[in-house]
Amino acid sequence: MQTKYRYLSVAVALACQPVWADETNAELQAVEHIVVTSDFAVRNLQNVPASISVVGQNEIIARQAQHLEQILNVAPNVNFASGASRGRFVQIRGIGERSQFAEPINPSVGFVIDDMDFSGIAAVGTLFDVQQVEVLKGPQATEFGAAALAGVVKIQTVEAGNDSPSRVSLSLAENNSWSAGFAHGGELSDKLLYRVAAQQYQSDGFIENQYLGRDDTGNRDELTSRLKLKYLASDNLTLALNYQYFDIDNGYDAFTQTNDGKTRSDQPGYDRQQTHALSLKADWRHDWATLSAIGSWSDSEMQYGYDDDWLYDGYPGGYTAFDAYARERDTHSLELRLASSATSKWFNDSTEWVVGAYSKKVDEVLTREYDYLDGIFRSDYQPDNQAVYGQTISQLNDKIRLTVGLRYDHFDIDYLDSDGFVANVSDDMLGGKLVLDHQVNEQTMVYGGISRGYKAGGFNIDDQVSNSRRNYAPEYNWNYELGVKGANAEGDLTLRVAGFYMQRKDTQVSDYELVASSGQAADFIDIIANADIGTNYGLEVESRWQVNNSLGLYANLGWLRASFKEYTNAKGEFVDKRDQAQSPRYTFNVGMDWQLADDWHWHVEADGKDGFYFSDGHNQQAHSEVLVHSRLSWQQGDWSLSLWGQNLFDREYHVRGFYFNNEPEDGYDQNKSKLYTQLGDGRMLGISLDYLF
């Protein structure tokens with residue numbers, strides 16, 4: 001890209017061009033060109049009739065983000081929950097899971113890296129050598145099926161070839177934090193392109209274990225590596241091989257009776273994931289259409305464990321227990337897709353179309369070792385699904401387009417465990433979308449649409465759950481959306497606005513029961529049940545103002561009302577109406593990019609959210625939060641040096657909360673329950689050096 005400096009931080013959507021392209025010299029330009037890779041094609045964000053937030057390399061680098069959890073606050077009406085070493089449970093517009101223990105779950109938010117589906121296991125959401133992160137809001141059934149009831153988070157990594165420069169990146173920060181990364185791409189021959197990337201990140205984290213005298217029991221140890229090959233077999237055939245390996249070996253020692261990040265556990269926990277993933281994509285182009293075949297395979301070994309009592313052996317009135325979960329997950333998928341070409345779309349030149357078939361098989365084996373179980377618990381969970389889909393985009397006239405998408409999914413879920421529980425769920429589900437958009441002028445588009453998403457039903461596995469609560473039904477989500485995307489004639493002011501109303505049928509509500517034993521903390525029994533109706537509506541605004549050649553401002557605002565009603569919780573209490581968990585009523589991200597001089601650039605931003613309920617099973621809430629981040633960078637030729645800070649004012653905020661009694665002084669009396677919270681990351685100051693070649 002032949003520009004001196006390109007400012008592309010537009011609301012939450014920053015340009016997908018690499019950060020090294022926007023920091024090459026001194027002049028800011030107001031031109032915006034952001035593309036998204038979802039919706040079956042590569043399209044300009046301003047022309048896609050949907051609410052999509054794109055976080056590009058500019059923002060990833062400016063925030064010095066290592067993991068997905070560190071950039072989610074950029075997107076309006078997006079939240080996350082932790083209860084692990086990372087915030088890997090995502091909610092979009094108030095819908096999404098908050099944790100997973102022994103129970104199998106069907107995710108509401110899809111998580112995809114390139115062409116590989118990692119829904120439900122987002123610990124691998126590391127961000128080195130990532131081109132952009134796309135957050136698609138609202139049901140995305142046509143392309144992504146049952147994993148996209150609420151939306152999808154898609155990470156697009158840098159492609160093979162020499163279009164993007166090679167990179168060496170080093171950083172040092174507080175808490176013994178450091179990272180070292182290398183990425184290089186080019187041509188092995190005229191027909192074979194490649195890119196390799198690897199990064200190691202380590203940090204002691206923010207937890208102080210007072211009993212063990214350690215400050216690294218909440219550590220992060222994350223290895224990311226990729227190999228991408230693209231073979232131009234002929235003018236009509238392209239083959240792309242993508243291998244990714246992740247080795248996450250993080251500590252998990254987050255909870256304490258004092259709620260201050262100073263733990264007293266004698267058996268600190270862990271949160272680990274080792275994943276090998278491979279995909280092969282073939283694109284065979286004809287004059288009238290392109291046939292794509294995408295096969296993927298991944299093997300993940302995940303280990304998650306924590307000190308159940310949060311205390312040390314011998315604590316007065318206490319007990320000692322450790323809870324450990326080990327999962328082995330194998331995933332295979334195959335997709336065949338036929339899409340019209342740009343020159344010959346259907347029987348005329350006014351309709352684009354795509355049809356496809358999809359098959360996915362998962363085998364997830366869980367082993368749980370808990371000191372208060374009679375033995376080792378084992379389960380085998382096998383969700384399989386097959387789908388067919390189609391979509392057309394018809395140009396009704398010079399200004400109006402009609403998009404019609406439809407997808408049919410068949411689900412078979414088999415489950416068995418060592419307690420003798422055997423279950424099978426079979427669901428047939430239909431979803432899709434109908435969207436009409438109108439190009440008012442060259443700069444402005446308005447659209448309105450209806451979409452329907454879904455996710456499969458399931459079962460509660462604990463034998464203490466009553467028969468009436470064993471099974472829960474599939475959930476459906478109708479989304480009605482109006483939006484406008486536009487810019488002024490000069491292109492220095494850009495605006496995207498979307499208003500939505502979602503009606504959830506048979507809302508799957510996550511609840512829990514407490515089973516208390518004398519002298520021991522209560523045991524949680526997770527329960528998923530169906531509420532009658534869930535209603536989610538709100539507004540999303542993404543804007544950017546290029547004040548002059550040196551200064552750009554942006555603001556991303558979300559407003560949300562999410563509630564469910566007519567539900568009887570696990571305690572037998574009838575809930576007439578209540579806000580859904582993890583659904584802050586407002587979110588915002590505002591920031592500034594300022595070219596101070598030819599070689600100096602300053603980025604500062606703040607993101608915040610309203611308070612929200614931690615769970616559907618109790619009424620405890622997180623407080624509102626505002627976090628400030630900044631980066632000052634100096635560039636000389638191919639070298640870039642930056643000073644940066646995350647959560648500059650060291651604000652305390654919470655990423656997970658539980659409500660029960662884990663106090664030995666109270667005899668673990670559940671009538672004296674209290675809120676226990678996991679703190680988010682505190683202030684982190686660091687320095688980074690990048691070399692491009």
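- Looking at Asp409 and Tyr454, their side chains do bring a donor and an acceptor atom within 3.5 Å of each other.
- Under 3.5 Å, the side chains of Tyr408 and Asp428 contain a donor-acceptor pair of N or O atoms.
- Within the 4.5 Å cutoff, no side-chain heavy atoms of Thr494 are placed close to those of Lys485.
- Between Gln582 and Phe80 the shortest side-chain heavy-atom distance does not fall below 4.5 Å.
- Among pairs with a residue in residues 555-564, none fulfils salt bridge (charged side-chain N to carboxylate O under 4.0 Å, His left out), at least two apart in sequence or across chains.
- There is no side-chain donor-acceptor pair under 3.5 Å between Thr535 and Gln503.
- Using a distance-only test at 3.5 Å, with no hydrogens or angles considered, a donor-acceptor pair links the side chain of Gln91 to the main chain of Glu97.
- Checking Gln580 against Asn536 by side-chain atom types alone, a donor-acceptor pair falls below 3.5 Å.
- Exactly one of Asp607, Asn73, Asn647 qualifies for a side-chain hydrogen bond (donor to acceptor under 3.5 Å, both in side chains) with His629. That residue is Asp607.
- Looking only at atom types and distance, the side chain of Gln46 has a donor-acceptor partner in the side chain of Arg496 under 3.5 Å away.
- Under the 3.5 Å distance criterion, with hydrogens and angles disregarded, a donor-acceptor pair is assigned to the side chains of Asp114 and Thr157.
- Scored by the side-chain contact (heavy atoms from CB on, under 4.5 Å) test, Trp478 finds Ile450, Arg452, Tyr480 as partners (sequence neighbours excluded).
- Classified by interplanar angle (parallel below 30°, tilted 30° to 60°, perpendicular above 60°), the ring pair Tyr586/Phe588 is parallel.
- Residues satisfying the salt bridge (Lys or Arg N to Asp or Glu O under 4.0 Å) test with Asp610, not counting sequence neighbours, are none.
- Annotation: side-chain contact (heavy atoms from CB on, under 4.5 Å) contacts of Ile413 (sequence neighbours excluded): Asn106, Tyr381, Pro383, Phe411, Val425, Ala456, Phe459.
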For this session: For the pair Arg578 and Asp616, evaluate salt bridge (Lys or Arg N to Asp or Glu O under 4.0 Å) and give the outcome as yes or no after the intermediate values.
Result: CA-CA 9 Å; Arg578 208 207 75 172; Asp616 293 327; 3.6 Å; yes
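- A side-chain donor from one of Asn556 and Asn589 sits under 3.5 Å from a side-chain acceptor of the other.
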Report, one line per pair, each donor and acceptor closer than 3.5 Å where one atom sits in a side chain of residues 139-148; sequence neighbours left out.
unit_1	atom_1	unit_2	atom_2	d
Gln140	NE2	Lys137	O	3.4
Gln140	NE2	Gly138	O	3.0
Glu143	OE1	Asp39	N	2.5

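- For Arg93 and Phe500, the positive end sits near the middle of the six-membered ring, less than 6.0 Å away and at most 45° from its axis.
- Sequence neighbours left out, the pairs with a member in residues 77-88 that pass salt bridge (charged side-chain N to carboxylate O under 4.0 Å, His left out) are Glu69-Arg86, Arg86-Glu222, Arg88-Asp271.
- We find that Asp579 and Arg585 are joined by a salt bridge, their nearest charged nitrogen and carboxylate oxygen being less than 4.0 Å apart.
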